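To keep things clear, I will list the structure first and then write my remarks on it.
Counting starts at 1 for both ligands and their atoms, following the listed order. Heads up: numbering here begins at 1 and tracks the sequence. Here the structure is a predicted model, which means the values were calculated and not measured.
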Amino acid sequence: MAAQIISGTEISKKIREELVNEIETLKQQHNITPGLAAVLVGEDAASKVYVGQKEKACRKLGIDSYRRDLPGDTSEADLLALVAELNKDPRVHGILVQLPLPKHISAERVIYAIDPDKDVDCFHPVNVGKMMIGKARFLPCTPHGIMELLRRSEIPTEGKHAVVVGRSNIVGKPIANLMLQPHPGGNATVTVCHTGSRDLVTYTRMADILIVAVGRPRAITADMVKEGVVVIDVGVNRIGKTPEGKPILAGDVDFDAVREKAAAITPVPGGVGPMTITMLMKNTLKAAKGSL
Ligand SMILES: NC(=O)c1ccc[n+]([C@@H]2O[C@H](COP(=O)([O-])OP(=O)(O)OC[C@H]3O[C@@H](n4cnc5c(N)ncnc54)[C@H](OP(=O)(O)O)[C@@H]3O)[C@@H](O)[C@H]2O)c1
């Protein structure tokens with residue numbers, strides 16, 4: 001079976017076109033330009049790339065970007081003071097503090113300090129709780145991106161068995177929660193697997209929709225899935241470098257083998273990845289509209 005390739009690049013492009021129009025309308029009708037503050041602490045190379053990508057996306061879409069780079073030895077108190085300042089700044093509708101933070105800073109305390117109305121990453125417990133009870137203000141970016149990939153690829157979820165491998169707070173738990181909400185695009189029966197799950201393959205083989213976020217290259221092999229499965233591969237693993245020094249990426253799924261059995265599958269790169277930043281832009285626009 002030749003699997004349908006679910007292109008996050010293409011779907012993301014379409015959503016960004018929609019966002020450009022909505023942002024322009026907001027500017028014209030209300031004189032508001034959405035603003036996103038991105039805070040980077042330290043010199044982590046991958047974090048720098050991610051923040052750079054978010055800035056670039058803002059520029060392309062007409063969102064004002066306020067980047068704040070702080071040295072790696074910034075104290076927690078100073079970072080909390082910056083968050084408090086951004087909470088008050090009316091030009092800033094969304095705040096993201098790039099994780100991971102240096103070890104001497106509590107990411108939990110920093111996230112809790114962000115105004116939930118500006119928490120466009122949807123990591124604050126108030127927003128996590130609202131999502132849990134189906135009253136979300138923002139949806140977390142990567143899980144939201146996955147929901148959009150499924151919806152816009154017209155993949156039915158209602159009554160399907162969705163198996164999520166991974167239970168992190170940023171991917172596994174929220175996507176499991178969204179898939180089970182009783183709304184269109186959800187309403188699935190959900191199983192969540194993790195390192196404590198016995199006989200993982202029993203569950204992955206039962207999946208109609210398999211969502212994998214474990215951070216291990218090619219952890220899911222063809223013998224672990226059934227024919228006709230829809231596979232969403234969240235993993236981004238650096239498995240080497242090209243002669244030019246660019247990272248070679250692999251997902252958590254053995255793409256070439258699994259695509260032979262799957263009905264649909266996301267590639268890495270070009271699957272979930274582009275959707276995450278697009279959903280961050282969507283949340284920033286939503287926060288700006290919410291400020292009206
Ligand atoms: N494309 C994107 O935008 C995007 C966004 C976020 C993350 N990611 C990528 O997605 C992957 C996962 O990210 P994360 O933040 O969710 O990772 P994480 O916090 O490290 O969580 C990994 C989860 O996978 C589980 N796990 C690990 N090995 C397993 C195994 N062999 N069998 C079953 N479960 C296993 C862990 O179980 P325990 O809880 O038992 O330890 C944990 O719950 C990474 O590659 C990351 O780079 C991509």
(message) Salt bridge or not between E148 and R151? Use side-chain N to carboxylate O under 4.0 Å.
(response) yes

(message) Which residue and atom name correspond to the protein heavy atom nearest atom 43 (O) of ligand 1, and how close is it?
(response) R167 N, 2.8 Å

(message) Protein non-hydrogen atoms only, distance under 4.0 Å: does atom 1 (N) of ligand 1 have such a neighbour?
(response) yes

(message) Quiz question for you: does at least one protein heavy atom lie closer than 4.0 Å to atom 16 (O) of ligand 1?
(response) yes

(message) Test of understanding: given a 4.0 Å heavy-atom threshold, classify the contact between V171 and ligand 1 as side chain, backbone, both, or neither.
(response) side chain

(message) Among all the protein's non-hydrogen atoms, which is closest to atom 41 (O) of ligand 1, and how far away is it?
(response) T195 OG1, 3.7 Å

(request) List the closest protein heavy-atom neighbour of atom 11 (C) of ligand 1: residue, atom name, distance to the nearest 0.1 Å. (result) G215 N, 3.6 Å

(message) Using 0.5 Å steps for rounding, measure from the CE atom of M147 to the OG1 atom of T142.
(response) 13.5 Å

(request) Do me a favour and list the nearest non-hydrogen protein atom to atom 14 (P) of ligand 1 with residue, atom name and distance? (result) S168 OG, 3.6 Å

(request) Heavy-atom distances under 4.0 Å are what count here, so tell me which part of R216 touches ligand 1: side chain, backbone, both or neither. (result) side chain

(message) List ligand 1 atoms under 4.0 Å from N237, heavy atoms only on the residue side.
(response) 45 (O)

(request) Check V234 against ligand 1 and report side chain, backbone, both or neither, counting heavy atoms closer than 4.0 Å. (result) both

(message) Tell me whether ligand 1 is touched by G273 - counting only heavy atoms on the residue side and a distance under 4.0 Å.
(response) yes

(request) Step through the shown structure and confirm whether more than 12 heavy atoms of other residues, nucleotides or ligands are within 6.0 Å of NZ on K13. (result) no

(request) Specify side chain, backbone, both or neither for V236, according to which of its non-hydrogen atoms lie closer than 4.0 Å to ligand 1. (result) both

(message) Has K118 got a side-chain atom pairing as donor or acceptor with L86's backbone, closer than 3.5 angstrom?
(response) yes

(request) State whether K88 and D115 are salt-bridged, where the test is any N-O pair (Lys NZ or Arg NE/NH1/NH2 against Asp/Glu carboxylate O) under 4.0 Å. (result) no

(message) Counting neighbours of CZ on R218 that are heavy atoms of other residues, nucleotides or ligands and sit closer than 6.0 Å, is the number greater than 12?
(response) no

(message) Looking at E55 and K60, is there a salt bridge between them, counting it only when a charged N and a carboxylate O are closer than 4.0 Å?
(response) no

(request) Kindly compute the distance separating CD1 (I95) from CG (N87), expressed to the nearest 0.5 Å. (result) 4.0 Å

